[in-house]
Amino acid sequence: SEFKPKKIKTENDKKAKKRKQDEVSKGRKQCANLVLRRDTQTVVKWKFLEHKGPVFAPPYEPLPSNVKFYYDGKVMRLSPEAEEVATFFAKMLDHEYTTKDIFRKNFFKDWRKEMTAEEKAKITDLKKCNFSEMNEFFKAQSEARKAMTKEEKQKIKEDNERILQEYGFCIMDNHRERIANFRIEPPGLFRGRGDHPKMGMLKRRIRPEDIIINCSKDSKHPEPPPGTRWKEVRHDNKVTWLVSWTENIQGSIKYIMLNPSSRIKGEKDWQKYETARRLKKCVDRIRNQYREDWKSKEMRIRQRAVALYFIDKLALRAGNEKEEGETADTVGCCSLRVEHIKLYPENDGQEYVVEFDFLGKDSIRYYNKVPVEKRVFKNLQLFMENKEPDDDLFDRLNTSILNKHLQELMDGLTAKVFRTYNASITLQQQLKELTNAEENIPAKILSYNRANRAVAILCNHQRAPPKTFEKSMQNLQTKIDAKREQLSDAKRELKSAKADAKVRKDEKSKKAVETKKKAVQRIEEQLMKLEVQATDREENKQIALGTSKLNYLDPRISVAWCKKWGIPVEKIYNKTQREKFAWAIDMADEDFEF
DNA sequence: AAGCTGACTTGAGGCAAGGGTT
DNA sequence: AACCCTTGCCTCAAGTCAGCTT
């Protein structure tokens, strides 16, 4: 089809190849414009869609009667409804969440709603509740699961596979496609991230009556479980989801959609990178424009221009405003407040330094000290004049205004395109800079990871250092030491073999020298591999590469790099990633340029 | 133009599978 | 074969952005 064109075979004529390629990409682009542009709510996403509906969470199984709950030191039997919610709390006893005031307060309030009148009258203080037997019961259960026999584990695996085959796929326009999340989220206690005002609230169980099914009219639509009915069955081919329901914490809608390997997700992904590549062509013009705008006599334009500069230079997110009290207090570019930045006319020998310190998406801290242009600095001073710490830095700007402006600068341009563009261009440029033709494959892969790391740092993709980090580092060091030992042994042996051969001058001893030489080489290589691994791991301590690899880096850059240096794609992408990026693996050859 | 809603992408964390090591 | 540790995968929360309503 248009989307996965046959790879163009190289004749010796490079120019013909290039021309042909341009045609293909032009055709593809036209196709994209036709089918994919302006796609929210306006364009047909599929013609035929058939699926089996969602898999519901298993029903609640009451605790065995020997597992007791105590209130105020005395055994108390709970109604099944109250007991179920109690088990959600009991399962989390070891978690820090359960010590937090807001969590406890929210949980207790929602738990009481599930209690019978008698329970409600009796249970008035969470501190007097003793869930420890429940907690131990669940711990024992998970131990038991681990201790199952091979056969039992095999059986579970087979059952899962059967469910996957039945519910995990759908038919969309003549293709059997993998569904991403066909299981409905089970009930439990809401765990918001960061300082979330709703943490601990009860996430209720989803029933068939909550479910909207979306499929094509001419398909066999899924049956609800016996004795139940769907909320609605609709046939909307302007959207990509198969199932939806409304979640009770924020009142937002949740969806079942297709796997990243699906045509519909792949095309969208490809389109995203094509938009970023179009930005590449006009980014200079846009940069000149916003630099001009720093001088505008209109405040709103200056603010817009400074915000855009941050988004471009620092890869900040757009920063939509959020409803206060509904979510954790986090910000992005447009929602930055005065308290989130500090200005230093001079700092560590640099002029005009801005210090950023705020909580971004997922309450991950963004901390950065950057020198900026004098004009930007002066503008920031102006924006901050006569404001309180909790006032908006950009009071004349929001994401909607910014994106409307961007749309005028380039078709399809929005704030997040800058993140994609800067991430991908950084990878490409870093790969060029860091790859050393002389080096072997492990060393080249280290270079790749370093390029990837540069992007992750730019995008602020942090992670908590793994709990086992120190130990695993030590283990690796032990291995390295052992390997060094082994190497010097091997070298010693080689030396004596050489000496031996010099005296004896026979074939046999010459052969022995060769063998020893090979051994030394092999061990040297192994040692190097370990050392590279150690470096890589150390540098990666607090940085997560996965997110940028999956969401920001045009996979064709990586595929091209692999082809150019003869590195198997498997070294860069695992199986799932190869499935997601199948289109790119197919499309890109070694001279692909982002 | 502000606010709301729906659809879709992006994100970190948790957990289990499975691969390497002892 | 038991163990241990990494890796991959899943989960589900938290963003972005466009279109609609008021």
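Proteins come first, then strands; the chains are lettered A, B, ... in the order of their sequence lines, and each starts at number 1. All heavy atoms count here, side chains included; hydrogens, waters and symmetry mates do not.
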Fill in the blank from the handout: Winner on side-chain proximity to A:M257, out of C:dA14, B:dT9, B:dG6, is B:dT9
Exercise for the section: Would you please confirm or rule out a distance under 4.0 Å between OP1 or OP2 of B:dC8 and any side-chain N or O of A:K45? Expected result: yes
Exercise for the section: Report the nucleotide, chosen from B:dA12, B:dA7, C:dG15, that has the shortest atom-to-atom distance to any side-chain atom of A:T547. Expected result: B:dA12
Problem - Contact under 4.0 Å: A:Y552 side-chain N or O vs B:dT9 OP1/OP2 - result: no
Handout entry: Interatomic distance, A:L316 CG vs B:dT10 P [rounded to whole Å]
Key = 17 Å
Handout entry: Sugar-phosphate only, base, or nothing, as touched by A:G319 at under 4.0 Å among non-hydrogen atoms
Key = sugar-phosphate
Handout entry: A:R484/A:E531 salt bridge by N-O under 4.0 Å criterion
Key = yes
Handout entry: is_close_aromatic(A:H461, A:Y552), centroid dist under 6.0 Å
Key = yes
Fill in the blank from the handout: Winner on side-chain proximity to A:R193, out of C:dA13, B:dA7, C:dC10, is C:dA13
Handout entry: Touch class at under 4.0 angstrom, heavy-atom based, for A:T240 against every strand present
Key = sugar-phosphate
Problem - Salt-bridge contact A:R205-A:E84 (side-chain N to carboxylate O under 4.0 Å) - result: yes
Exercise for the section: Provide, to the nearest angstrom, the distance between the CG atom belonging to A:L397 and the P atom belonging to B:dA2. Expected result: 12 Å
Handout entry: A:R522 with A:E525: basic N within carboxylate O range, under 4.0 Å
Key = no
Practice task
To the nearest Å, give me how far apart CG (A:N160) and P (B:dA16) are.
Solution key: 12 Å
Practice task
Please determine if A:K404 and A:E408 form a salt bridge, counting it only when a charged side-chain N lies under 4.0 Å from a carboxylate O.
Solution key: no
Handout entry: NZ/NE/NH1/NH2 to OD/OE distance under 4.0 Å, A:E579 and A:K575
Key = yes
Practice task
Take A:H196 and A:F190 through the ring pair (Phe, Tyr, Trp, His ring centres under 6.0 Å) test and state the conclusion after the steps.
Solution key: CA-CA 10 Å; A:H196 198 117; A:F190 176 78; 5.0 Å; yes
Practice task
May I ask you to say what A:A180 touches in the nucleic acid, namely base, sugar-phosphate or nothing, with a heavy-atom cut-off under 4.0 Å?
Solution key: nothing
Exercise for the section: Indicate, with a heavy-atom threshold strictly under 4.0 Å, whether A:K203 touches base, sugar-phosphate, or nothing. Expected result: sugar-phosphate
Exercise for the section: Could you tell me whether the phosphate oxygens of B:dA1, OP1 or OP2, come under 4.0 Å of any side-chain nitrogen or oxygen in A:R396? Expected result: no
Exercise for the section: Check whether any side-chain N or O of A:N403 sits under 4.0 Å from OP1 or OP2 of C:dC17, and answer yes or no. Expected result: yes
Practice task
With DNA chain B as reference, determine whether A:E323 or A:I364 sits nearer its 5' end, using the nearest nucleotide of each.
Solution key: A:E323
Exercise for the section: Check every atom of C:dA14, B:dG14, C:dG15 against the side chain of A:F190 and return the nucleotide holding the closest atom. Expected result: C:dA14
Handout entry: Presence of salt bridge, A:D554 and A:K280, under 4.0 angstrom
Key = no
Handout entry: Value in whole Å for how far the C1' atom of B:dT9 lies from CD of A:E267
Key = 17 Å
Practice task
Give me the ring orientation class for A:W241 and A:Y255: parallel if the planes are under 30° apart, tilted from 30 to 60°, perpendicular past 60°.
Solution key: tilted
Exercise for the section: Look at all strands and tell whether A:K416 reaches a base, only sugar-phosphate, or nothing, counting heavy atoms closer than 4.0 Å. Expected result: sugar-phosphate
Problem - Out of C:dC10, C:dA18, B:dG6, whichever nucleotide has its closest atom nearest the side chain of A:T414 - result: C:dA18
Problem - Of the listed nucleotides C:dA14, B:dA7, B:dG11, the one nearest the side chain of A:Y255 - result: B:dA7
Handout entry: Euclidean distance, atom NZ of residue A:K268 to atom P of B:dT10 [Å, nearest integer]
Key = 9 Å
Exercise for the section: Under 4.0 Å between any heavy atoms, over every strand shown, what does A:P186 touch: base, sugar-phosphate, or nothing? Just pick one. Expected result: sugar-phosphate
Practice task
Classify the nucleic acid contact of A:N320 as base, sugar-phosphate or nothing, counting any heavy atom under 4.0 Å across all strands shown.
Solution key: base
Practice task
Check every atom of C:dA14, B:dG11, C:dT16 against the side chain of A:A318 and return the nucleotide holding the closest atom.
Solution key: C:dT16
Fill in the blank from the handout: A:K322 atom NZ is separated from C:dA13 atom P, nearest whole Å, by 14 Å
Problem - Which nucleotide in C:dA13, B:dT10, B:dT9 has an atom nearest any side-chain atom of A:K254 - result: C:dA13
Handout entry: A:Q407 CD to C:dA18 C1', straight-line distance once rounded to whole Å
Key = 10 Å
Handout entry: is_close_aromatic(A:F182, A:Y167), centroid dist under 6.0 Å
Key = no
Exercise for the section: Quick one: label A:R578 by what it contacts on the DNA or RNA (base, sugar-phosphate, nothing), any heavy atom closer than 4.0 Å. Expected result: nothing
Exercise for the section: Let me know, please, whether A:D362 or A:Q577 comes out on the 5' side of the other along DNA chain C by nearest nucleotide. Expected result: A:Q577
Handout entry: Side chain of A:H461 - closest among B:dC8, C:dA18, B:dG11
Key = B:dG11
Problem - Donor-acceptor pair under 3.5 Å, A:K272 side chain vs B:dT9 base - result: no
Problem - Phosphate contact (C:dG15 OP1 or OP2) by A:T330 side-chain N/O below 4.0 Å - result: yes
Problem - Rounded interatomic separation in angstrom, taking CZ from A:R419 and P from B:dG11 - result: 5 Å
Handout entry: C:dC17 OP1/OP2 closer than 4.0 Å to side-chain N/O of A:R317
Key = no
Handout entry: DNA chain B: 5'-proximal contact among A:R234 and A:N398 (nearest heavy atom)
Key = A:N398
Exercise for the section: Give one of base, sugar-phosphate or nothing for A:G192, where a contact means two heavy atoms less than 4.0 Å apart. Expected result: sugar-phosphate
Problem - Net bend of the helix from B:dA1-C:dT22 to B:dT22-C:dA1, end axes of five pairs each, nearest 10 degrees - result: 10°
